[in-house]
Protein chains: 2
Amino acid sequence: MPTPRERVTIIDVAREAGVAISSASTALNGQPGVSESTRDRVRSVASALGYVPSARGRALSAKRAYSVGLVVERDFDILESDPFFGAFIGGIEEYIAPRGYVLALQITQDSTLTVDRHLALARSRRVDGVFLNEIKADDARVAELAELGFPAVGINPAVGDFPFPAVRQSGTEAIHELVRTLAELDHRRIAHVSGPPHYVHSLERISAWREAMEAVGLQAEDTVNGGFTSDGGRRAADVLMTGERRPTAVFCANDLSAIGFMNRAIELGFRVPEDVSVAGFDGINFGEHVRPTLSTVRTAPRHLGREAARLLLSAIDGDEAADSTIAPARLVLRDSVARLR
Amino acid sequence: MPTPRERVTIIDVAREAGVAISSASTALNGQPGVSESTRDRVRSVASALGYVPSARGRALSAKRAYSVGLVVERDFDILESDPFFGAFIGGIEEYIAPRGYVLALQITQDSTLTVDRHLALARSRRVDGVFLNEIKADDARVAELAELGFPAVGINPAVGDFPFPAVRQSGTEAIHELVRTLAELDHRRIAHVSGPPHYVHSLERISAWREAMEAVGLQAEDTVNGGFTSDGGRRAADVLMTGERRPTAVFCANDLSAIGFMNRAIELGFRVPEDVSVAGFDGINFGEHVRPTLSTVRTAPRHLGREAARLLLSAIDGDEAADSTIAPARLVLRDSVARLR
DNA sequence: GACCCGAACCGAAACGTTTCTGTTCTTTCG
DNA sequence: CGAAAGAACAGAAACGTTTCGGTTCGGGTC
């Protein structure tokens, strides 16, 4: 192990340049109040000494951590195949990195921990703001953070009064289009494999499916919780495909469960899409790599992340930014959906 | 937007409890030098006031940021389907979270930026240590960070002198076993779809394949760079399957490229595994969801992350920890590999 | 009874910035 | 020529902790 060297601080720079610390700071930060000649001198001394400001000192002084927090509640093992995660973070990074912010990422396994982590990040002022993702009905984080007056931004929160700025992408239109398309392909029994019902986005997809079914004059009856996992999708296939009222088409609340459903249905001896059409939601890349390729509703997690980061940073700056609504998710038809025969 | 409230600091706690700041600190941190009665009093005052120590103040004073850095160099769009990423981070979290550390995650698009980010994190002391992942031959980060004397830990660095502690999982044995298995299944032309050759782990897989081929008396000739992406795997299929010396089995350097290869081969009219056997590397969950299910070499990214975090934190504490070697990756045979016919 | 020792506690420095308030000196204008 | 104004810089406080060195006080030892 190498041994750490002495850090060079702004004090060293000031001493070496023969100015006061305050002048060195002023010069380096490009603020007025110092002559061009001294500014140049300070700058060259700083770079000669290899001076890099301490994030710690700056954070304390500026009352800013220059970082934002994201807590993902996911089983460690499921995390690997999680679709939303990577692209969403990519979008966040894209926005915050050029602005000198860093993402503090935490993973938790259960939901009480999730709340605790958010509050710990906020109260200790480790971060300047947090993302509220995968919001639940009656989410404890929301009230607590609002009470703290801590900057936050919601990703697809329920409509209604939400105390923070929010970024939304609607999937409703695409779900309607999917159901309409299936109906036009002669499907009558269209089941839904839902996500865990405590999530706001699960509920929204369920009710979008319900409304869409009614809109084409079909009965929305069969829904099974697929838990957003491929195993859940497999179990749903067991239930639905061996049950009395076997569906001819299935809309799954995410791609993972759709892939699970599809594979299990095939194992059970059904052909996709000849015997049963399957569609997912999210638009993960892997949907193109399974066979048949997966029809889906493609969302834009990266864009969502970028917008969420934009809103969060402006909330941190105390700006009143309007909610952001990005273009609705789009239906992507692939081989897993076909006319009923 | 809610308005922030006044923060309660240790000064408030001390005043309210009628002790000096230093005593309050001592009491709260459970250190000796304060009577049990005052300790209790300070503690109850602190909790009554809702005191939470400021991470910023503590960081400055303790010369510790209590965070570690991970920079992932990945295209924003590829990130989504990245296998290693999620599980590795899960492993890191698992170790650092209970110890009060937070992960600072950055994503970059190109490799000069990657180096810059590492150095910026280190020099500004935003983090206390960094993970060196996906190390390249002659990786610029290594020398620079070593020069700084900054704590770091290498994930599967090249053997030889590496200035930091390292955690390793070997895939060599499993690659040997794979090639041996393929040879026993009568395959003679076993090609390799490699990763980008500037990565240490690409090179290691290439030479493991080479050695394994020689060990069973076969010629290691055909290798195509699949770039660790599914598109790269598809292009490799185009090259190999339509070329003169068509292989009967292919070992791909990761599962993503293996899936791409497999799908493209099928598109080209070949049957897997009847016409060509395919195996990947990594052991991502999706390998079980494609058809035929993918044979692979299963690594343990979560375990790797956990061990890397352990080494990094002990390096930060100045402890001299021995390198960590976790159990070798294991061959997992699934439907994509079969006897040549 | 003088002395010492340790427990309990306090004050202040230190961590490395930024920023506010002064101070000095030059310049300009009446 | 004197006063006012402004530019350039300096000093110190503030951010919120931890820790080091000191002080006080009570009790035990000889």
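Throughout, protein chains are lettered first and strands after them, A, B, ... in sequence-line order, and every chain is numbered starting at 1. All values derive from a computational prediction rather than experimental measurement.
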May I ask you to decide if [Y]'s main-chain N or O and [X]'s side chain share a donor-acceptor pair within less than 3.5 Å?
{"X": "B:Asp128", "Y": "B:Arg64", "value": "no"}
{"X": "A:Arg126", "Y": "A:Ser67", "value": "no"}
{"X": "B:Arg7", "Y": "A:Arg123", "value": "yes"}
{"X": "A:Gln169", "Y": "A:Ala300", "value": "yes"}
{"X": "B:Arg168", "Y": "B:Thr325", "value": "no"}
{"X": "A:Asp139", "Y": "A:Lys136", "value": "yes"}

Can you tabulate the close N/O pairs, meaning under 3.5 Å, that link protein atoms to atoms of nucleotides 7-12 of chain C?
residue: C:dC9; atom: OP2; partner: B:Ser35; partner atom: N; Å: 2.8
residue: C:dC9; atom: OP2; partner: B:Ser35; partner atom: OG; Å: 3.3
residue: C:dC9; atom: OP2; partner: B:Thr38; partner atom: OG1; Å: 2.8
residue: C:dC10; atom: OP2; partner: B:Ala20; partner atom: N; Å: 2.7
residue: C:dC10; atom: OP2; partner: B:Ser23; partner atom: OG; Å: 3.0
residue: C:dG11; atom: N7; partner: B:Ser22; partner atom: OG; Å: 3.4
residue: C:dG11; atom: O6; partner: B:Ser22; partner atom: OG; Å: 2.9

What is the distance from [atom1] of [X] to [atom2] of [N], rounded to the nearest Å?
{"X": "A:Arg56", "N": "C:dT17", "atom1": "CZ", "atom2": "P", "answer": "11 Å"}
{"X": "A:Leu28", "N": "C:dT17", "atom1": "CG", "atom2": "P", "answer": "10 Å"}
{"X": "A:Ile10", "N": "C:dC15", "atom1": "CD1", "atom2": "P", "answer": "15 Å"}
{"X": "A:Arg125", "N": "D:dG16", "atom1": "CZ", "atom2": "P", "answer": "10 Å"}
{"X": "A:Arg15", "N": "D:dG11", "atom1": "CZ", "atom2": "P", "answer": "14 Å"}
{"X": "B:Lys63", "N": "C:dC15", "atom1": "NZ", "atom2": "P", "answer": "6 Å"}
{"X": "A:Arg58", "N": "C:dC15", "atom1": "CZ", "atom2": "P", "answer": "19 Å"}
{"X": "A:Leu60", "N": "C:dA14", "atom1": "CG", "atom2": "P", "answer": "17 Å"}

task: Decide if atom CG of B:Asp138 counts as having more than 12 heavy atoms of other residues, nucleotides or ligands within a radius under 6.0 Å.
output: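 No, the 6.0 Å shell around CG holds no more than 12 heavy atoms from other groups.
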
- request: Determine the minimum heavy-atom distance between B:Gly129 and B:Ile316, stating which atoms define it.
  value: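 Shortest heavy-atom separation between B:Gly129 and B:Ile316 comes out as N-CD1, 4.0 Å.
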
field: Atom of A:Pro165, atom of A:Leu311 and distance for their closest heavy-atom approach
entry: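 Residues A:Pro165 and A:Leu311, closest heavy atoms: CB-CD1, 4.2 Å.
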
task: Name the residue closer to the 5' end of DNA chain C, choosing between B:Ala62 and A:Ala62 according to the nucleotide with the nearest heavy atom.
output: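 Looking at the nearest nucleotide for each, B:Ala62 comes out on the 5' side.
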
query: Counting only side-chain N and O atoms of A:Tyr51, is one of them less than 4.0 Å from OP1 or OP2 of C:dT17?
result: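 Looking at the OP1 and OP2 atoms of C:dT17, one of them is under 4.0 Å from a side-chain N or O of A:Tyr51.
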
message: Please determine whether a side-chain nitrogen or oxygen atom of B:Gln31 lies at a distance below 4.0 Å from atom OP1 or OP2 of D:dT19.
response: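 Yes, within the criterion.
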
- prompt: Hey, does A:Val42 reach any base, or is it just sugar-phosphate, or nothing, if we go heavy atoms under 4.0 Å?
  reply: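 Contact class for A:Val42: none.
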
message: Just to be sure I understand the rule, does A:Ser54 reach a base, reach only the sugar-phosphate, or reach nothing, if contact means heavy atoms closer than 4.0 Å?
response: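 Result for A:Ser54 = sugar-phosphate.
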
- prompt: Over its full length, what angle do the end axes of the helix from C:dG1-D:dC30 to C:dG30-D:dC1 make, each axis taken from five pairs and the result rounded to 10 degrees?
  reply: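 If I round to tens, the end axes sit 60° apart.
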
